[in-house]
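Right, one structure below, let's go through it.
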Amino acid sequence: MPGTGITVTRHLASAERHASLAADVRTGLTANPRELPPKWFYDATGSLLFDRITRLPEYYPTRREHAVLAANAARIAAACPATTLIELGSGTSEKTRLLLDALRNAGVLRRFVPFDVDEETLLRAGQDILRSYPGTSVHAVVGDFERHLAFLPGSAGGDSGSAGGMAGDRRLVAFLGGTIGNLRPETRGTFLRALRDQFHDGDALLLGTDLVKDPARLVAAYDDSAGVTAAFNRNVLSVINRELDADFDLRGFAHVATWDPENSWIEMRLRSVREQEVSVRALGLVTRFGADEQMRTEISAKFTLEGIRAELAAAGLGTSAQWTDPDGDFALTLAVPA
Ligand code: SAH
Ligand code: AVI
C-alpha cells in the first residue's frame, strides 16, 4: 500500500476471491443439506456487524478472552519472546494490542503480521497498529488460513531469504476469538498440522477457544435480542448477491441458532420462510428453496481444556500453558512443536 507504511501480500486478490467464493457457493447450494462456509460473512459490512456482536451483552467470548489476555499477556511474552507476532483471522486486532504491548515491553517486538480474508478491515487495523507502535513493521496478509498457511512470513514458502525475511526471527502465531471453532473437526486437524509444519524451534501458537457451558447462555450469545447476529448471518446472502450477481431476498430467510450437544457446537442456519427461487447469475445457477428449508452457515465449536490439549497433541503440538478467565468461560492455550 503506497504511502501507508504497511507491506501487503495478497493471496486473495479479487480474481482469486471471486473464484473461491464461486466454487464454495456452487458446492454449498447444490449440496443436500445446503451449507455455506462462514468465511464469506466477512466483507466490510460483515466485519462491522461482527464488531457490534462483540459488544452485545449476550456475547461474552470477546470480553472473557480480553480478561484472560490482560491477566496473562506478560507471561505469554516471557514464555515466547517473539520478534514477530502473526495473527490469523485478525479482524480489528483490538485485543491483540495486549500482546503487542507485552512483547514491546519485553523489548523484543519487531514485526506484526495480521492475516485475514477481509482486506478492508485488515488494512485499516494494520494502519492503526502501525501508528500506535512506531518502530514495529506491519506486514498485512490478505489470505485464507485454510489455504495459504504455507506462505506465512518466516516460513519456507513465505518471505525468508527474500527482502522481507528477518534474521533470528521468532514467531508467535495468535489465533484468537474462538475462530478455530468455526472449522469442522477434520478441518481443524488439517489446519493445526499445516501450522505445525510451518513452525521452527522457538515458534509458538496462542489459541483462543470458547468452552462448553450452559446451553441457554450459548444460544443467547448466538441469538441476541437486538438481532445483530441475525443481520450478520444474513450478510452472507448480501455478499453472494453483490459478488455473484444473485437475487437472494434477505427478508425471505430467518436466523436460526441451535446447540448441538452431540457435536458440542452451536449451529447457525438460515431458514427459508417460504418456497422461493434464487438465481446466482455469475454461476448460471437457479435453485429452489422449500418453505422451512434450512441452510447451515456456521458451526461454532465449544471445547474442554483436555479436548484442546488432545487436538493439539494429535497435530504434533505440546501444550506449555493454559489459562481461563475466573468463570471458566474461555481459554487461551500456548502450544509449541512437540
Ligand atoms: N480475531 C478477532 C476477529 C474474529 S472474527 C477477534 O478475536 O475478535 C473472525 C475473523 O476471521 C474475521 O476477521 C474474518 O474475516 C476472519 N476469517 C474467517 N475465516 C477466515 C479464513 N478462512 N481465512 C482468513 N481469515 C478468516
Ligand atoms: C469469529 N467466530 C469465532 C464467531 C463465533 O462466535 O463463532 C463468529 C460469530 N458467529 C456468530 N456470532 C459470532
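When a ligand or atom number is given, it counts from 1 through the structure's own listing order. These values consider heavy atoms only, across backbone and side chains, with no hydrogens, waters or symmetry-generated copies.
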Considering only heavy atoms of Thr179, which atoms of ligand 2 have at least one such atom less than 4.0 Å away? 1 (C), 3 (C)
Looking at Glu267 and Arg269, is any side-chain nitrogen of the basic one under 4.0 Å from a carboxylate oxygen of the acidic one? yes
Under 4.0 Å from a heavy atom of Gly91: give me the atoms of ligand 1 that qualify, with their elements. 13 (O)
Look at atom 2 (C) of ligand 1 and find which of Ser20, Gly208, Gly143, Gly89 reaches it with the closest heavy atom. Gly89
Are any of the heavy atoms in Gly178 under 4.0 Å away from ligand 2? yes
With the threshold set at 4.0 Å, does a side-chain nitrogen-carboxylate oxygen contact exist between Arg34 and Glu293? yes
When you compare ligand 1 with Asp116, is there at least one nitrogen or oxygen pair between them that comes in under 3.5 angstrom? yes
Can you find a pair of side-chain heavy atoms, one from Leu123 and one from Ile6, that are under 4.5 Å apart? yes
For ligand 2, is any non-hydrogen atom under 4.0 Å from Asn182's backbone (N, CA, C, O), its side chain (CB onward), both, or neither? side chain
So how far is it from Arg242 CZ to Leu237 CG, rounded to the nearest 0.5 Å? 12.0 Å
Would you check if there is a donor-acceptor pair between the side chains of Tyr133 and Asp101 at a distance under 3.5 Å? yes
What class does the angle between the rings of Phe232 and Phe50 fall in, given that below 30° is parallel, 30 to 60° is tilted and above 60° is perpendicular? tilted
Can you check which of Phe50, Phe175, Phe145 brings a heavy atom nearest to atom 4 (C) of ligand 1? Phe50
Salt bridge flag under 4.0 Å for residues Arg64 and Asp210: no
Is it the case that ligand 1 has an N or O less than 3.5 angstrom from some N or O of Lys95? yes
Any chance CZ of Arg52 has more than 12 other-residue heavy atoms, nucleotides or ligands included, within less than 6.0 Å? no
Taking the minimum heavy-atom distance to atom 11 (C) of ligand 2, which of Tyr222, Trp265, Tyr42, Tyr59 ranks first? Tyr222
Specify side chain, backbone, both or neither for Pro38, according to which of its non-hydrogen atoms lie closer than 4.0 Å to ligand 1. neither
Would one find more than 12 heavy atoms of other residues, nucleotides or ligands at under 6.0 Å from atom CZ of Arg251? no
For the residue pair Phe175 and Phe191, categorise the inter-ring angle as parallel (less than 30°), tilted (30 to 60°) or perpendicular (more than 60°). tilted
What atoms of ligand 1 come within less than 4.0 Å of a heavy atom belonging to Gly177? 7 (O)
Quick test of your reading of the model: are Asp203 and Arg170 salt-bridged, counting only N-O distances below 4.0 Å? no
Would you mind listing which atoms of ligand 2 come within a distance below 4.0 Å of any non-hydrogen atom of Ser300? 5 (C), 6 (O), 7 (O)
Considering heavy atoms of the protein only, find what lies nearest to atom 22 (N) of ligand 1 and give residue, atom and distance to 0.1 Å. Asp144 OD1, 2.8 Å
Give the atom numbers and elements of ligand 1 that come within less than 4.0 Å of a heavy atom of Ser90. 1 (N), 2 (C)
Give a yes/no verdict on whether any heavy atom in Ser47 is under 4.0 Å from an atom of ligand 1. no
Residue, atom name and distance, where the atom is the protein heavy atom closest to atom 19 (N) of ligand 1: Lys39 CB, 3.5 Å
Does Gly177 come within less than 4.0 angstrom of ligand 2, counting non-hydrogen atoms of the residue? yes
Among the heavy atoms of Val117, does any lie under 4.0 Å from an atom of ligand 1? yes
Taking only Lys NZ, Arg NE, NH1 and NH2, and the carboxylate oxygens of Asp or Glu, determine whether Glu146 and Arg184 approach each other closer than 4.0 Å. no
Ligand 1 atoms nearer than 4.0 angstrom to some heavy atom of Thr179 are 4 (C), 9 (C)
